[in-house]
**Q** 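Could you have a look at this structure, given as structure tokens, before my questions?
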Amino acid sequence: MCGRYSISKNIEEIVENFKIEVLKDFSAQLFNAAPMMKLPVITNTDPKKLQLFSWGLIPSWSKDPTIGNKMINARGETIFEKPSFRSCIRNKRCLVPADSFYEWKKTEEKKQPFRIKLKKRGLFSLAGIWDEWKDVDGKIKSTFSIITTSPNNLMSEIHDRMPVILQKDDEEKWLLANDVNEISSLITSYPAIEMEACPISLMVNSPRNNSAEIHTPLN
DNA sequence: CCAGACGTTGTT
DNA sequence: GTCTGG
DNA sequence: CCAGACGTTGTT
DNA sequence: GTCTGG
């Protein structure tokens with residue numbers, strides 16, 4: 001599962017990497033991006049802009065917006081079948097910029113958080129879907145969810161799920177694809193050989209902690 | 001036909 | 001909105 | 001994901 | 001235990 005990640009590069013790096021417009025109201029470094037927070041995404045409908053959407057997908061038809069608390073991930077294996085996701089996966093996909101994500105290895109004795117990043121890419125995209133929900137006053141709430149899949153050899157040591165990470169060349173395809181087979185082919189486990197995992201302190205546990213110190217390797 | 005659900009992960 | 005279950 | 005709350009009435 | 005909030 002992916003329930004926490006970081007997007008801590010400065011805005012100039014993000015703009016350069018994704019070839020997008022500067023978004024003036026986003027400059028924060030997020031070492032501890034958590035569900036319900038407004039986080040930067042790049043949508044298929046507006047691929048030249050960085051927008052801030054809330055993490056936790058609320059389907060457009062939903063009467064109870066708290067459903068978003070549970071929709072932080074979407075299983076890649078069944079995403080075309082689920083009522084909450086099927087329209088999104090066809091028409092509303094997004095890139096979720098990140099520079100690492102966190103998973104907790106749980107044993108009987110303890111929960112050990114790990115930070116996972118890519119060896120050669122500072123910034124990468126998690127595959128996402130998004131939707132827009134209108135409240136009773138007609139106010140639009142834009143939300144997103146991160147797609148998960150089975151773990152690769154590195155991740156299976158820590159956890160039984162991992163987020164879908166897109167190859168650089170696949171980012172544009174993820175936004176533009178309109179063929180189900182093409183979309184499906186992008187929902188894969190990123191190669192373990194290109195990733196590294198490192199234990200970090202329990203500081204990451206509290207979403208209130210948001211400092212560079214979170215990335216410090218243990219020991 | 002209408003009513004009701006619509007999700008994931010982890011833990012038991 | 002759309003699908004499943006009754 | 002983890003942390004933290006989890007309740008009402010009446011009074012200021 | 002379970003839900004909400006970050």
**Q** Applying side-chain hydrogen bond (donor to acceptor under 3.5 Å, both in side chains) as the test, list every pair that has at least one member in residues 30-47 of chain A; sequence neighbours left out.
**A**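 Of all non-adjacent pairs touching residues 30-47 of chain A, those that pass side-chain hydrogen bond (donor to acceptor under 3.5 Å, both in side chains) are A/Arg4-A/Asn32, A/Thr43-A/Thr45, A/Thr43-A/Gln51, A/Asn44-A/Trp130.
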**Q** For the pair made of CG in A/Asn32 and P in D/dA3, what is the distance, rounded to whole Å?
**A**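 A/Asn32 atom CG is separated from D/dA3 atom P by 10 Å.
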**Q** Under the rule for side-chain hydrogen bond (donor to acceptor under 3.5 Å, both in side chains), what residues qualify as partners of A/Arg121, not counting sequence neighbours?
**A**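 Per chain and number, A/Arg121 pairs via side-chain hydrogen bond (donor to acceptor under 3.5 Å, both in side chains) with A/Glu171, A/Tyr190.
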**Q** For A/Leu39 and D/dC1, what is the distance between atoms CG and P respectively, to the nearest whole Å?
**A**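 Computing the A/Leu39:CG to D/dC1:P distance gives 17 Å.
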**Q** What are the atom names and distances for every N/O pair under 3.5 Å that joins the protein to nucleotides 4-6 of chain B?
**A**
unit_1: B/dC6; atom_1: O3'; unit_2: A/Ser84; atom_2: OG; d: 2.9

**Q** For atom C1', what is the distance between E/dG1 and B/dT12, given to the nearest Å?
**A**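 Nearest-Å result for E/dG1 against B/dT12 at atom C1': 12 Å.
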**Q** Which heavy-atom pair separates A/Lys9 from A/Gly122 by the least distance, and what is that distance?
**A**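 Minimum heavy-atom contact is CE-O, 3.8 Å.
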**Q** Can you confirm whether A/Met195 sits close enough to A/Ser189 that some side-chain heavy atom of one is under 4.5 Å from a side-chain heavy atom of the other?
**A**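 The answer is no; the side chains never approach within 4.5 Å.
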**Q** Looking for any heavy atom pair under 4.0 Å, which part of the strands does A/Thr78 touch: base, sugar-phosphate only, or nothing?
**A**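 Sugar-phosphate only.
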**Q** Mind calculating the distance between NZ (A/Lys111) and P (B/dT11) to the nearest angstrom?
**A**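 Answer to the nearest Å: 6 Å.
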**Q** According to the side-chain hydrogen bond (donor to acceptor under 3.5 Å, both in side chains) rule, which pairs have a member within residues 55-67 of chain A, sequence neighbours left out?
**A**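 Non-adjacent pairs meeting side-chain hydrogen bond (donor to acceptor under 3.5 Å, both in side chains): A/Asp64-A/Thr66.
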**Q** Using the P atom in both, what is the distance from B/dC6 to E/dC3, to the nearest Å?
**A**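 Straight-line distance between the two P atoms is 14 Å.
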**Q** Test of understanding: with side chain to side chain contact (heavy atoms under 4.5 Å, CB included), list the residues that count as partners of A/Glu172, not counting sequence neighbours.
**A**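 Expected list: A/Leu176.
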**Q** For A/Phe124, check ring-ring contact (aromatic ring centres under 6.0 Å, His included) against everything at least two apart and list the hits.
**A**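 A/Phe124: no ring-ring contact (aromatic ring centres under 6.0 Å, His included) contacts found.
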**Q** Looking only at non-hydrogen atoms, find the nearest pair between A/Phe114 and A/Pro199 and report the distance.
**A**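 Minimum heavy-atom contact is CD2-N, 3.5 Å.
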**Q** Who pairs with A/Thr143 by side-chain hydrogen bond (donor to acceptor under 3.5 Å, both in side chains), at least two apart in sequence or on another chain?
**A**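 side-chain hydrogen bond (donor to acceptor under 3.5 Å, both in side chains) list for A/Thr143, sorted by chain: empty.
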**Q** Given the P atoms of B/dT8 and D/dG4, what is the spacing between them in whole Å?
**A**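 Each nucleotide's P atom is 28 Å from the other's.
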**Q** Taking any heavy-atom pair under 4.0 Å as a contact, classify A/Phe85: base, sugar-phosphate, or nothing.
**A**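 If one applies the 4.0 Å heavy-atom cut-off, A/Phe85 turns out to touch the sugar-phosphate alone, with no base involved.
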**Q** Evaluate the side chain to side chain contact (heavy atoms under 4.5 Å, CB included) criterion for residues A/Trp133 and A/Asp131: first the C-alpha distance (whole Å), next the side-chain angles of each, then the deciding distance (0.1 Å), finally the verdict.
**A** CA-CA 7 Å; A/Trp133 175 80; A/Asp131 208 345; over 6 Å; no
**Q** Using the side-chain hydrogen bond (donor to acceptor under 3.5 Å, both in side chains) rule, collect all pairs that involve residues 72-87 of chain A, keeping only residues at least two apart or in two chains.
**A**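 The answer is A/Glu77-A/Arg161.
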**Q** Expressed as a whole number of Å, how far does the C1' atom of E/dT2 sit from that of B/dT9?
**A**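 Taking atom C1' in both E/dT2 and B/dT9, they lie 15 Å apart.
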**Q** Check nucleotides 4-6 of chain E for protein N or O atoms closer than 3.5 Å to its own N or O atoms and list the pairs.
**A**
unit_1: E/dG6; atom_1: N7; unit_2: A/Pro35; atom_2: O; d: 2.9

**Q** Let me know the distance between CG of A/Leu30 and C1' of D/dC1, rounded to the nearest Å.
**A**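 Going from CG in A/Leu30 over to C1' in D/dC1 covers 15 Å.
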**Q** Expected output is a numbered-order residue list: members of residues 123-145 of chain A with a heavy atom under 4.0 Å from any atom of DNA chain B. What is it?
**A**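 Going residue by residue through residues 123-145 of chain A, none turns out to have a heavy atom under 4.0 Å of DNA chain B.
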**Q** What's the CH2-P distance between A/Trp55 and D/dC2, to the nearest Å?
**A**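 Rounding to the nearest Å, CH2 of A/Trp55 and P of D/dC2 are 12 Å apart.
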**Q** For atom P, what is the distance between B/dT11 and D/dC1, given to the nearest Å?
**A**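 8 Å, rounded to whole Å.
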**Q** To the nearest Å, give me how far apart CD1 (A/Ile146) and P (B/dT9) are.
**A**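 Atom-to-atom, A/Ile146 to B/dT9, this comes out as 12 Å.
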**Q** Would you write out the dot-bracket form of DNA chain B, 5' to 3', with Watson-Crick and G-U pairs under 3.5 Å, [ ] for crossing pairs, | for pairs to other strands and . for unpaired bases?
**A** ||||||......
**Q** Measuring to OP1 and OP2 of B/dT9, would you say a side-chain N or O of A/Arg161 lies under 4.0 angstrom away?
**A**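 So the side-chain polar atoms of A/Arg161 do come within 4.0 Å of the phosphate oxygens OP1 or OP2 of B/dT9, strictly under.
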**Q** Measure the spacing between OG of A/Ser125 and CG of A/Leu166 and express it to the nearest 0.5 Å.
**A**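 Reported to 0.5 Å precision, the distance equals 6.0 Å.
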**Q** Nearest whole angstrom, please: distance from the C1' of D/dC1 to the CE of A/Met162.
**A**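 A/Met162 atom CE is separated from D/dC1 atom C1' by 16 Å.
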**Q** Starting at CD1 of A/Ile116, measure out to CE of A/Met162 and round the result to the nearest 0.5 Å.
**A**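 Result: 8.5 Å between the selected atoms.
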**Q** C/dG1 C1' sits how many Å from A/Arg90 CZ, rounded?
**A**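 Taking atom C1' of C/dG1 as the reference, CZ of A/Arg90 is at 14 Å.
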**Q** Between A/Ser145 and A/Ile72 (side chain of the first, backbone of the second, donor and acceptor by atom type, cut-off under 3.5 Å), is there such a pair?
**A**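 Yes.
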**Q** May I have the list of side-chain donor-acceptor pairs in residues 11-19 of chain A shorter than 3.5 Å, sequence neighbours left out?
**A**
unit_1: A/Glu16; atom_1: OE2; unit_2: A/Lys19; atom_2: NZ; d: 3.4
unit_1: A/Lys19; atom_1: NZ; unit_2: A/Glu16; atom_2: O; d: 2.9

